[in-house]
Number of protein chains: 2
Amino acid sequence: MAHVLVAPRLRLNRDRVLQAAVQLADRIGIDALSMRRLAEELGVVPMALYKHVANKDELLDGMVDVTVAEIDPPDRDLDWKAAVRLRVLSARQMLLRHPWARSVLESRTRETPTVLDYMESTIGMFLAGGFSADLTHHVMHALGSRMWGFTQELFDASAGPDRPPVDTAAQVAQLQAMAERYPHILQISAVAAHDDSVVARGCDDRFEFEFALDLLLDGFERLRDAGWSSAASPTA
Amino acid sequence: MAHVLVAPRLRLNRDRVLQAAVQLADRIGIDALSMRRLAEELGVVPMALYKHVANKDELLDGMVDVTVAEIDPPDRDLDWKAAVRLRVLSARQMLLRHPWARSVLESRTRETPTVLDYMESTIGMFLAGGFSADLTHHVMHALGSRMWGFTQELFDASAGPDRPPVDTAAQVAQLQAMAERYPHILQISAVAAHDDSVVARGCDDRFEFEFALDLLLDGFERLRDAGWSSAASPTA
DNA sequence: ACCTGAACACCGTTCAAGT
DNA sequence: ACCTGAACACCGTTCAAGT
């Protein structure tokens, strides 16, 4: 097979395994990435991988490390708000390059050094911006996965299976049924329908992401300026 | 086996299959839930399930429907903010009952009627509260998965495998290493350390959730009162 | 030190057959 | 109409053996 010729039995090591796994996931998706498939890709028997990663879980942890390390380091010349904003958007760019990384990042519970480094420097941006440790703690929680450049979108059409093509008559009938049962959904979808596609298409993902991010950052700033403390919080 | 005696061959139907799947997932977790295991639970051969759900994906969609239907309907006597708040917290309660539902909800891309109903009525709360369709659209995106009562927490310790118990000497050494490399992480963790456990424990999940939720709701209100429109948005 | 072969205990799903 | 049996093409991982 082709890949045996392309990769003629270089000695494996952990890094080669992780790099190959990331590239393979980029190409065939995370569901199709199995230890067996990865081994085949490397021209090696499945068990050979287990010398370099303990098991599949550790492989996934390693793949997270590779991708998180791609996120730009903080820009020290910017104020906290611009710095956080830019960095989160850099994380988002990384996720656009590795679409599978989101779900893997979500399912990980192991704190690898690379992930801790990322959190450490992000926390540092808030502290340097005059946030108390108390407020920074809650702000980091509020940021949550947005720190990694993603949020759960309502329906990520691109992540799903391709819809079967629907003929125009059926589409019209479907819309009429929708209009009756889900008038509000149609109403707010129409706002975003810049082009011909009628429902839940053409939302500007970047706009939505920055809208929520800026709403949060503005809220954080307001709390900081008001001298917010969890002890005096109205919701406590 | 016990379950054969307990469930002596009632005729299966889609609803019995879904209910059994939800209960089984509550008990053994979503990873352990297989078509084969579920069939065994129902005292039936695996293939018998395929008469009632097309495949595993449809089973998961059905399980989402069952749990989403448990979320309280909107309280019409409350103003929009209190109503949204209460409902999202009700969703959160449902997720505490069915911890597996979060990841399944995240991975679904099919809009089932139950899920659409939930979105429809949530959108309705904002529209009734005087939000424009335009703003409601973006507000729903900003809410994102928080609408379902969850957010990605930084490290969900409870979701991970049990940590091996560490002896005190090793723990002290580990803390010293952390203090050197991750001073900021330690600093904001200390704030939340109410009890003896030292790092990343004892965060009040409900407090964190409401902190971020209220921050967003307040931000939404501010934009509404300012007559926000995406056409005039500074980030556009 | 690194890789292999054969095996184990699982998956989801199809197809043809039973009642 | 509903359930079964046998089979297919996959998984992750262990263990003992090869070089």
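Every chain is numbered from 1, with letters handed out A, B, ... down the list of sequences.
Atom CZ in B:Arg37 sits about 17 Å away from atom P in C:dA9, given to the nearest Å. Distance CZ (B:Arg11) to P (D:dC3): 6 Å, rounded to an integer number of Å. In this structure, A:Leu42 places its CG atom 11 Å from P of C:dT4, rounding to the nearest Å. Rounding to whole angstrom units, CD of residue A:Glu40 and P of C:dT4 are separated by 13 Å.
A heavy-atom distance below 4.0 Å to DNA chain D is reached by these residues of residues 17-36 of chain A, ordered by number: A:Ser34, A:Met35, A:Arg36. Contacts of residues 53-64 of chain B with DNA chain D (heavy atom under 4.0 Å): none.
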Pairing pattern in dot-bracket form [Watson-Crick, G-U; both distances under 3.5 Å; | = partner strand] for DNA chain D: ||.|||||...|||||.||

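Considering only side-chain atoms of A:Val45, the nucleotide from D:dC3, C:dT4, C:dT13 that sits closest is C:dT4. Across C:dC2, D:dC3, C:dA6, the shortest atom-to-atom separation from the side chain of A:Met47 is found for C:dA6. Among the nucleotides C:dC2, D:dC2, D:dT13, the one closest to the side chain of A:Tyr50 is D:dT13.
A donor-acceptor pair shorter than 3.5 Å cannot be found between the side chains of B:Asp61 and B:Thr112.
The aromatic rings of A:His141 and A:His137 lie tilted to each other, with the angle between the two planes from 30° to 60°.
Cation-pi check for A:Arg92 over A:Phe209 is met; the charged atom lies under 6.0 angstrom from the ring centroid and within 45 degrees of its normal.
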